[in-house]
Amino acid sequence: MVKAVVGANWGDEGKGKITDMLGEKADIIIRFQGGANAGHTIINNYGKFALHTLPSGVFYSHTTNIIGNGVALDVPVLFNEIQSVLDKGVPMPKILVSNRAQMVMSYHKNFDAYEEERLGGKSFGSTKSGIAPFYSDKYAKIGFQVSELFDDELLKEKVVRVAEQKNVLLEHLYHKPLINPDDLYQELQEYKKMVEPYVCDVSLFLHNALKEGKEILLEGQLGSLKDPDHGIYPMVTSSSTLAAYGAIGAGIPPYEIKQIITVCKAYSSAVGAGAFVSEIFGEEADELRRRGGDGGEFGATTGRPRRMGWFDCVASKYGCRMQGTTDVAFTVLDVLGYLDEIPVCVGYEIDGEITTDFPTTHLLEKAKPVLKTLPGWKCDIRGIKKYEDLPENCRKYVEFIEEQIGYPITMVSNGPGREDIIYR
């Protein structure tokens with residue numbers, strides 16, 4: 001059976017924790033899109049980890065962890081990450097890398113930084129991990145696929161062709177140093193050495209695993225609102241963040257995905273630019289940021305302070321709908337225990353009209369939040385294991401949001417640890 005763990009919002013919803021928790025019963029865990037531009041924070045018996053490329057199942061000895069063909073594979077990042085996990089006493093995980101995955105090259109990161117610099121105040125708030133240039137090249141058909149590392153003639157010809165194309169931009173648009181094809185060839189040889197032991201025909205491996213009835217988890221990066229088609233375009237990521245893409249990015253039939261667990265935070269946070277209707281500022285935001293997450297709301301990749309807001313029912317209902325949600329995992333509920341009252345965004349006012357349907361970006365930019373205030377529960381709920389043992393106002397908050405978004409909240413996370421979870 002295949003389950004997908006995906007985000008309902010802007011990312012940073014707590015997917016890493018949920019994947020890590022569900023990983024106990026999974027045989028295979030697959031990253032199917034995105035690259036090392038966002039991190040998943042996981043806290044377990046080995047310590048605290050910010051994973052960027054490795055699937056969140058690497059802490060279990062029984063799982064196979066797969067980098068799917070849809071991932072932007074940054075080979076050195078992957079290998080530094082494997083090393084950092086081993087350094088903390090985690091046994092060597094079983095890792096497979098799709099022979100159809102494509103690689104993030106050093107020039108992709110350079111182009112990412114050059115473009116942000118060129119755009120100045122109109123930049124996208126990129127993490128400069130090379131993701132947009134990588135996916136641009138993939139679809140322009142000038143990317144390097146892992147399988148190509150094993151064809152020397154092809155590589156020698158291709159590095160010349162790619163360098164020629166890139167150097168036009170470097171010289172005339174960015175006024176930066178040019179790419180030497182020999183250096184590019186050397187870079188690819190280094191990547192080959194690192195990745196060779198892990199390369200596998202992943203779709204065939206998964207085909208056989210499905211026939212054997214294995215439990216498979218798809219692990220998404222970011223959330224619905226960062227999807228290039230269905231998100232807050234153009235302030236989006238460069239690969240599809242939806243569960244439906246899991247079938248493509250892993251290489252399995254779409255009908256195999258039976259359960260879609262969409263992760264939602266009990267409040268909102270976002271990294272990077274773009275419309276964020278329920279956003280709060282000043283002291284109110286600082287306090288929520290300081291108390292939030294698992295040691296403050298700061299990006300797992302960049303350390304940037306996240307933008308903060310109240311729970312957005314409009315965005316979350318839409319995010320769940322686009323994912324095809326079967327279950328909602330509701331995270332960081334414990335964070336809100338300090339508040340007397342908790343505002344919730346239940347609608348958007350756009351040009352004098354109130355809507356509960358999520359609009360396209362140009363209308364979203366004009367939207368003002370319609371807030372409803374719920375009473376707080378004013379106590380620490382960490383350590384509670386049963387839903388009925390939560391304070392009444394806390395349960396009312398969960399049930400109000402469930403009613404507003406229209407999808408069942410079946411898991412409530414009330415702390416950062418693997419065991420801090422309540423099943424409903």
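A quick note: this is a predicted structure, and the numbers were derived from the prediction, not measured. Every heavy atom of this structure was used, including side-chain atoms; hydrogens, water molecules and symmetry mates were not. This chain uses plain numbering: 1 for the first residue, then up along the sequence.
Between Ile216 and Leu210 there is a side-chain heavy-atom pair separated by less than 4.5 Å. Inter-residue side-chain proximity for Leu149 and Leu188 is flagged as met; some heavy-atom pair is nearer than 4.5 Å. The side-chain heavy atoms of Ile280 and Leu288, taken from C-beta on, include a pair separated by under 4.5 Å. With contacts defined as side-chain heavy-atom distances shorter than 4.5 Å, the pair Thr325/Pro408 does not qualify. Within the 4.5 Å cutoff, the side chain of Ile179 has no heavy atoms near those of the Asn110 side chain. Two residues are said to be in side-chain contact when any heavy atoms from C-beta on lie closer than 4.5 Å; Leu364 and Phe358 meet this criterion. When side chains are defined from C-beta on, His207 counts as touching Lys211, because their heavy atoms get closer than 4.5 Å. Here the side chains of Phe205 and Thr64 are in contact, with some heavy-atom distance below 4.5 Å.
Side-chain rings of Tyr191 and Phe144 stay apart, their centers remaining 6.0 Å or farther from each other.
Using a cut-off of 4.0 Å between Lys/Arg side-chain N and Asp/Glu carboxylate O, Lys156 and Asp152 are scored as salt-bridged. Here Asp357 does not pair with Arg321 in a salt bridge; the nearest charged N to carboxylate O distance is not below 4.0 Å. For the pair Asp20 and Arg418, the salt-bridge criterion is met [side-chain N within less than 4.0 Å of a carboxylate O]. Between Arg161 and Glu164 there is no salt bridge, since none of the side-chain N atoms of the basic residue sits less than 4.0 Å from a carboxylate O of the acidic one. One finds no salt bridge joining Asp420 and Arg382 here, because no Lys/Arg side-chain nitrogen approaches an Asp/Glu carboxylate oxygen to under 4.0 Å.
Atom CD of Gln165 has 12 or fewer neighbouring heavy atoms from other residues, nucleotides or ligands inside a 6.0 Å radius. The local environment of CD in Glu24 is sparse, with at most 12 non-hydrogen atoms from other residues, nucleotides or ligands closer than 6.0 Å. Other residues, nucleotides and ligands place no more than 12 heavy atoms under 6.0 Å from the OH atom of Tyr233. Enclosure of atom NZ in Lys368 is not indicated, since only 12 or fewer non-hydrogen atoms of other residues, nucleotides or ligands lie within 6.0 angstrom. Environment of CD in Glu283: crowded, with over 12 heavy atoms of neighbouring residues, nucleotides or ligands closer than 6.0 Å. Annotation for Arg100: atom CZ does not count as buried by contact number, only 12 or fewer foreign heavy atoms lying within 6.0 Å. Shown here is Glu153, whose CD atom has no more than 12 heavy atoms of other residues, nucleotides or ligands within 6.0 Å.
With sequence neighbours excluded, no residue forms a salt bridge (charged side-chain N to carboxylate O under 4.0 Å, His left out) with Asp87. The side chain to side chain donor-acceptor pair (under 3.5 Å) test applied to Thr410 returns Asp327, not counting sequence neighbours.
A distance-only check finds a donor-acceptor pair linking the side chain of Arg307 to the backbone of Gly272 [under 3.5 Å]. Not one N or O on the side chain of Asp137 forms a donor-acceptor pair closer than 3.5 Å with the backbone of Gly143. A distance-only check finds no donor-acceptor pair linking the side chain of Glu187 to the backbone of Met105 [under 3.5 Å]. Remark: the backbone N or O of Ala266 is paired with a side-chain donor or acceptor of Tyr397 at under 3.5 angstrom. Side-chain atoms of Asn9 never come within 3.5 Å of backbone atoms of Val263 as a donor-acceptor pair (strictly under, hydrogens ignored). Using modelled atom types, one side-chain atom of Glu81 and one backbone atom of Leu54 make a donor-acceptor pair closer than 3.5 Å. Judged by distance alone, with hydrogens and angles left aside, the side-chain atoms of Ser203 form no donor-acceptor pair with the main-chain N or O of Gly251 at under 3.5 Å. In this structure a side-chain-to-backbone donor-acceptor pair under 3.5 Å is missing from Asp74 to Val104. Checking side-chain atoms of Lys15 against main-chain N and O of Leu222 turns up a donor-acceptor pair under 3.5 Å. Checked by atom type and distance alone, the side chain of Glu256 never pairs as donor or acceptor with a backbone atom of Pro253 at under 3.5 Å.
No donor-acceptor contact under 3.5 angstrom links the side chains of Gln323 and Thr262, judged on distance only. No hydrogens or angles considered: nothing links the side chains of Thr331 and Lys17 as a donor-acceptor pair under 3.5 Å.
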Tell me, with the steps shown, if Asn65 and Tyr60 meet side chain to side chain donor-acceptor pair (under 3.5 Å). CA-CA 10 Å; Asn65 299 277; Tyr60 294 105; over 6 Å; no
CA sep, side-chain torsions, deciding dist, call: Lys265, Asp12, salt bridge (Lys or Arg N to Asp or Glu O under 4.0 Å): CA-CA 8 Å; Lys265 257 181 172 154; Asp12 307 312; 5.6 Å; no
Walk me through it: do Lys109 and Asp112 pass the test salt bridge (Lys or Arg N to Asp or Glu O under 4.0 Å)? CA-CA 5 Å; Lys109 295 181 189 178; Asp112 203 349; over 6 Å; no
For Val90 and Val58, run side chain to side chain contact (heavy atoms under 4.5 Å, CB included): C-alpha distance rounded to whole Å, both residues' side-chain angles, the deciding distance at 0.1 Å, then the answer. CA-CA 8 Å; Val90 178; Val58 291; 5.7 Å; no
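Between the CG atom of Leu217 and the OG atom of Ser56 there is a distance of 9.5 Å, given to the nearest 0.5 Å. For the atom pair CZ of Phe59 and CG of Leu51, the computed distance is 4.5 Å after rounding to the nearest 0.5 Å. A distance of 9.5 Å separates OG in Ser98 from CG in Leu73, rounded to the nearest 0.5 Å. Summarising the geometry, atom NE2 belonging to His108 is positioned 10.0 Å from atom CE belonging to Met103; distances are rounded to the nearest 0.5 Å. For the atom pair CD of Gln221 and CZ of Phe32, the computed distance is 9.5 Å after rounding to the nearest 0.5 Å. For the atom pair CG of Asp27 and NZ of Lys25, the computed distance is 12.5 Å after rounding to the nearest 0.5 Å.
Aromatic ring pairs are classed by plane angle as parallel below 30°, tilted from 30° to 60° and perpendicular above 60°; the pair Phe330 and Phe311 is perpendicular. Ring orientation note: the planes of Phe276 and Trp10 are tilted relative to one another, at an angle of 30° to 60°.
Here the closest non-hydrogen pair linking Pro228 and Ser238 is CG-C, 4.3 Å. Nearest approach of Leu86 to Met92, heavy atoms of both residues: CD2-CA, 3.5 Å. Contact between Ser278 and Cys345 at its shortest, heavy atoms only, is CB-CB, 3.9 Å. A pairwise comparison of heavy atoms in Lys317 and Tyr407 identifies O-CE1, 4.0 Å as the closest pair. The two residues Leu218 and Ile252 make their nearest non-hydrogen contact at CD1-CD1, 4.3 Å. Scanning both residues, Ala285 and Met308, for their nearest heavy atoms gives O-CG, 3.7 Å.
For the pair Lys166 and Tyr107, the NZ or CZ position fails the cation-pi test of under 6.0 Å to the six-membered ring centre and within 45 degrees of the ring normal.
Checked against Asp312 for a side-chain hydrogen bond (donor to acceptor under 3.5 Å, both in side chains), the options Tyr267, Tyr348, Tyr318 give a single hit: Tyr348. None of Glu117, Glu115, Arg118 except one satisfies the side-chain hydrogen bond (donor to acceptor under 3.5 Å, both in side chains) rule with Tyr174; the exception is Glu115.
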